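Position 1 is the first residue of the sequence, and the numbers go up from there. In this text the structure is predicted, and so the values were computed from the model without any measurement.
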Amino acid sequence: MMTPARRAPMWGNKKQNAEAPIELMTYDELLFLKQRVDQELAGRGDAELQALKEKLILIANAQGLSLIDLFGGRQPRKPKEKRKHRPKYRDPETGEEWSGRGKLPSWLQTKVDAGVPVETFLIQ
């Protein structure tokens, strides 16, 4: 019984890659071709999107409009300011304060560990 002749991979010859029937390609050749097609599609998509954006900007500018005028976009929101909570506890010695939220600060934890009640530091 004769074994089929092994043919050379088509990777090196671009012309042969383009003309070879897919059914005759090896698994590795198909993966290589798929990778090239994916790269080409990604590159073309980015280029076409950029060209479309530039075209829209040119048309809008020619009419004296901005893209916000055309598409009704909103101005970016300002970030919300972090709310400060009023302090409920104060160290009379150092003036350090704590709102009563979260973990006990080290200055208060030290005093509580020494046996001083937390209520002693309540702000009246």
Notebook entry, point to check: Do E48 and K55 meet the salt-bridge criterion of a basic N to acidic O distance under 4.0 Å?
Noted result: no
Handout entry: salt_bridge(E40, R44) N-O dist < 4.0 Å
Key = yes
Atom [atom1] of [X] and atom [atom2] of [Y]: how far apart are they, to the nearest 0.5 Å?
{"X": "Q109", "Y": "K103", "atom1": "CD", "atom2": "NZ", "value": "7.5 Å"}
{"X": "L65", "Y": "I59", "atom1": "CG", "atom2": "CD1", "value": "11.5 Å"}
{"X": "K88", "Y": "I123", "atom1": "NZ", "atom2": "CD1", "value": "10.5 Å"}

Taken in chain and number order and not counting sequence neighbours, the residues that satisfy side chain to side chain contact (heavy atoms under 4.5 Å, CB included) with T94 are D91, E96
Check: Below 4.5 Å, heavy atoms only, C-beta onward: do I57 and N61 meet side chain to side chain?
Finding: yes
Checklist line | Within-4.5 Å side-chain heavy-atom neighbours: Q124 and R90 | finding: no
For V118, the other hydrophobic cluster members (4.5 Å side-chain criterion, sorted by chain and number) are Y89, W98, L104, W107, L108, V112, V116, F121, L122
Heavy atoms of E29 and M25 approach each other most closely as OE1-CA, 3.3 Å
Exercise. Give a yes-or-no answer on whether the side chains of D46 and Q50 include a donor-acceptor pair shorter than 3.5 Å.
Key: no
Got more than 12 heavy atoms from elsewhere within 6.0 Å of CG, L49?
yes
